[in-house]
Amino acid sequence: MKIQFKINGQAQTVDVDGKTPLLWVIRDLLGLKGTKFGCGKAACGACTIHVDGNAIRSCSYAVKFAEGKEITTIEGLSDGDNLHPVQQAWKEEIVPQCGYCQPGFMMATAAMIEKIPNPTDEDIDNNIINICRCGTYTRMRKAIHRAAEIKNNNA
Amino acid sequence: MSQAENNNEKTKKSFSRRKFLVRASIGAGVLVGLPIIGINPLRRSLFENLESMLPEYAITDPATTWFEVTADNKIFFHSPKVEMGQGAFTGLAQIAAEELEVDIEKINMLHATTAGRPIDPRSTGGSDSISALFAPLRELAAGLREMIKNNAAEILGVSAASLKLANGVISANGKSITYGEVVQQANKWEAPKEVRVKARKDFKVIGKPIPRVDLMPKILGEPIFSIDQELPGMLYAMVIRPPKIDTQYKIADASKAELMPGIVKVVKEKDFVAVVGKSRPEVEMAIRAVKVDWETNKNWNQEEILEMTKVGKGEDQLIQKQGSKIKEEGLIEFEYTTPAGAHAQLEPNGSVAHVTADKAILYISTQVPGITRKEVAEALGFEEEQVEVQPTYLGGGFGRKLHTPNSVQAALISKAVGKAVHVFYSRKDEFQTQKFRPPSHHVLKAKLNDKGMIDYIEHHVSAGNASFGSPISSKGLEMFMGADLGIWSGGRINYTKIPNIRFYSWHVELPFATTMWRAPGVMANTFAVESFMDELAHAAGKDPLEFRLVHLPDNEKGQRQKAVLKAAAEKAGWGKNLPEGRVLGIATSGELATVIAEVAEVSIENDGYGDYIKVHKVTCAIDAGMIINPDGVKAQVEGGVMMGLSASMYEKIEINDSRVQPTIYGPYRIAMMKDAPKEIEVIIIESGDKPLGVGEPPIGPIGAAIGNAVFSLTGKRLRKLPLAEEFAKVSS
């Protein structure tokens, strides 16, 4: 079936089985590899993207539900050369190690600080529920607070 | 051929092959001594002196195999060590930049392809990317610097001594030339007879907390992993993997799957079947329609595995011996156990492979590019030179990617369909056909004297294979060593003021594959030994910190270990007032040359369902020799503590009905943000003049530090990992 949506600001039409996980459409049909496959069962969050501003796990989201919606991936998070506050904060805190799970965490964080502009540690614990095997959580927590600060200063 | 390659060819021709000094490898002197002193004492002296016997990396290639200087004055560093998050690329770039007299930004790090670039004779692992390469890489880069300098002197018509080097530009008498221009214009490359590396006082790049060189690609989500690679006409494939352990593939009926949408071919090889199609989701659908007959040799259950792993069941080897063995009754004796664990790295195993009539190329996330190449060449009946392995960034390694039979499967599938293929594991397969951290069982015995000092300590560890059976081991080495380093590592008693010590390593063959998992042996052994030390301190009525200090020796290593213990304890507020309900637990490890101490600040909380252990803060002090990048060291310690905390607190793999359980994140509980301490404070104590390992040591002490804190707080001693489960059991 033909499905139309906007991804990182650009209109796209794809012709695939509507049950296809959005993850594989983004990665292999549209060639945006920043969104990662981790588990395929929405258990790790490596594939987190935004659909209409909400963080969703794209490995378990059928492409047909994206019809008419706006999708943002890590490639579309920054505004040209201006890093998104989350990416800026991640850079300042030198968060990534292997880096594989990081786009998912950054997307989850970007969605959270839109809804919760000044997240507490408890907000972070409750909302950032992805998995990082290298164990970058302490730097991530600092970066999340910093991202909120950068975003609020820019506003 | 590009200009860069041209220059490179030119340089290669006349650059004499310079061999660097290498310390004798483990095998050599050892076999000669055999008949005289007998194998067991010899093995023990080897085990006891392992730190000083590990060979440095032997660089036998010319500098131009490692470095390319392009006309536009960029330097490309083809690294045989892979970057899996540990920060090796950054440390290596710093070392090279230092000797080449350039800023770090000038160095572009690349994974060396096996086609014409340096191939690691061992693996990326064992925390030695920096420590083993530090000296030889400095010499190599300094040699290149001198050659460039000598050529520049000739081109500029001045003496080499008058030249000034600044970030890739050489100048003298108002004239200047870039490294790139020198490389283009030079016509002879003579390796200097003697290479002088820079004095430590002149370091400008080494020792600085430079942000990791792969930071921006990882923040922008660039396609740097093997799973991100695409080749023209590439198809997607998945191998159908056994659902149980100790199970072989017999035969498959794929008649339905072959007709499904997007399916190109079902490839049947002698030991596996794979489905190839136009997209990954179509392949995922089709593999469910393949009917596979498996043959399971035996029905295995967890109780049997635990029974097999017990001390006394396999074969033992005496690893450490001091003073006499004390056999009397009434020794203090406790047992500790740790479960099997998964690496659970986020990027699944797999590769992108393209095999043609006489050539194969693989893009793969591997810790052993040279071994991967050999395995693929053997499977295809190719010469090794016909196979190119291009390593990519690893989305986590931790020892899992020392094993790459998946590369052979990808190559065979590509050959069968005549196209490039993208072959990656599902998460279930990743768990189900894991090579686990082996489960372990420990028995510790001790005798205290009337002054509350330890008079005798005896440690037995029993576990399945760790380094044995791995691609970086060999049957010969295993027969010679007698004991699996990956089992006993971390289990020696560093408290050598104890007059009488015995440490035995037991080895058992388990019915499922086990291997090295970040700091093999160290996590399990440190948990057992450091929990036991805490029990002894309480039995002796002594402060656990003081008790450790008085049993550590006064030699150089003992002093360093005491220093990290004191530093971590002081910073964590040992003996001071803490917030209500919180206590501290301490543990230390000194495996290999690095010493580390960790203090966990813990409380017991209740979430409405029951009491649970909460770790608020971890304070670590580490002495890993000379520091190349303090921020990189901190990141590795934070990550190691976190991975060790996760494994010690929550993770467990069991075998029931020959099935691995669980096979998905969630049920296989990995620590998440909510479980992470709010702060991991890292104190670096720098010592000596060479860097030591950092990636693995922090894994060791955290489990015991938490368990020891829980004992102080509740009087309940946790002798089994994972701690969260054991705590729930003893609390109910």
Side chain / backbone / both / neither for A/Lys91 at chain B, heavy atoms under 4.5 Å
both
Region of A/Pro96 in contact with chain B, defined by heavy-atom distances below 4.5 Å
both
Can you say whether [X] sits under 4.5 Å from chain A via the side chain, the backbone, both, or neither, judging by heavy atoms?
X        : result
B/Lys278 : neither
B/Ala342 : backbone
B/Phe89  : neither
B/Pro677 : backbone
B/Glu681 : neither

Close side-chain approach of [X] to [Y], heavy-atom, < 4.5 Å:
X        : Y        : answer
A/Asp17  : B/Met285 : no
A/Thr136 : B/Met642 : no
A/Leu83  : B/Met216 : yes
A/Ile131 : B/Met672 : yes
A/Cys134 : B/Phe398 : yes
B/Lys678 : A/Asp121 : yes
B/Phe225 : A/Tyr100 : yes
A/Cys39  : B/Ile664 : yes

When rounded to the nearest 0.5 angstrom, what is the spacing between [atom1] in [X] and [atom2] in [Y]?
X        : Y        : atom1 : atom2 : value
A/Trp24  : B/Glu282 : CH2   : CD    : 13.0 Å
A/Asn127 : B/Met673 : CG    : CE    : 10.5 Å
A/Glu93  : B/Leu215 : CD    : CG    : 11.0 Å

Of all heavy-atom pairs between [X] and [Y], which one has the smallest distance, and what is that distance?
X        : Y        : answer
A/Phe37  : B/Arg427 : CZ-N, 4.1 Å
B/Leu346 : A/Ala46  : CD1-CB, 4.2 Å
B/Ile219 : A/Trp90  : CD1-C, 3.7 Å

When B/Lys674 is tested against each of A/Asp125, A/Asn126, A/Ile129 for side chain to side chain contact (heavy atoms under 4.5 Å, CB included), which residue passes?
A/Asp125
Best-contacting candidate, B/Pro211, B/Gly396, B/Ala635, B/Pro223, against chain A by heavy atom pairs under 4.5 angstrom
B/Ala635
Counting heavy-atom pairs under 4.5 angstrom with chain A, the leader among B/Glu638, B/Met84, B/Met643 is B/Glu638
When only pairs under 4.5 Å are counted, which of [options] shares the most heavy-atom pairs with chain B?
options                               : value
A/Ala43, A/Gly34, A/Gly99             : A/Gly99
A/Glu122, A/Met140, A/Gln97, A/Arg141 : A/Gln97
A/Gln102, A/Arg27, A/Arg139, A/Lys142 : A/Arg139

Distance-only, no hydrogens or angles: does the [X] side chain make a donor-acceptor pair with backbone N or O of [Y] under 3.5 Å?
X        : Y        : value
B/Tyr665 : A/Gly38  : no
B/Lys218 : A/Cys98  : yes
A/Arg133 : B/Ile670 : no

Assess whether atom NZ of B/Lys617 is packed by more than 12 heavy atoms of other residues, nucleotides or ligands within 6.0 Å.
yes
Between side-chain atoms of residues 5-12 of chain A and protein atoms elsewhere (two or more places apart, or another chain), which donor-acceptor pairs fall under 3.5 Å?
| from | atom 1 | to | atom 2 | distance (Å) |
| --- | --- | --- | --- | --- |
| A/Asn8 | OD1 | A/Thr73 | N | 2.9 |
| A/Asn8 | ND2 | A/Thr73 | OG1 | 2.9 |

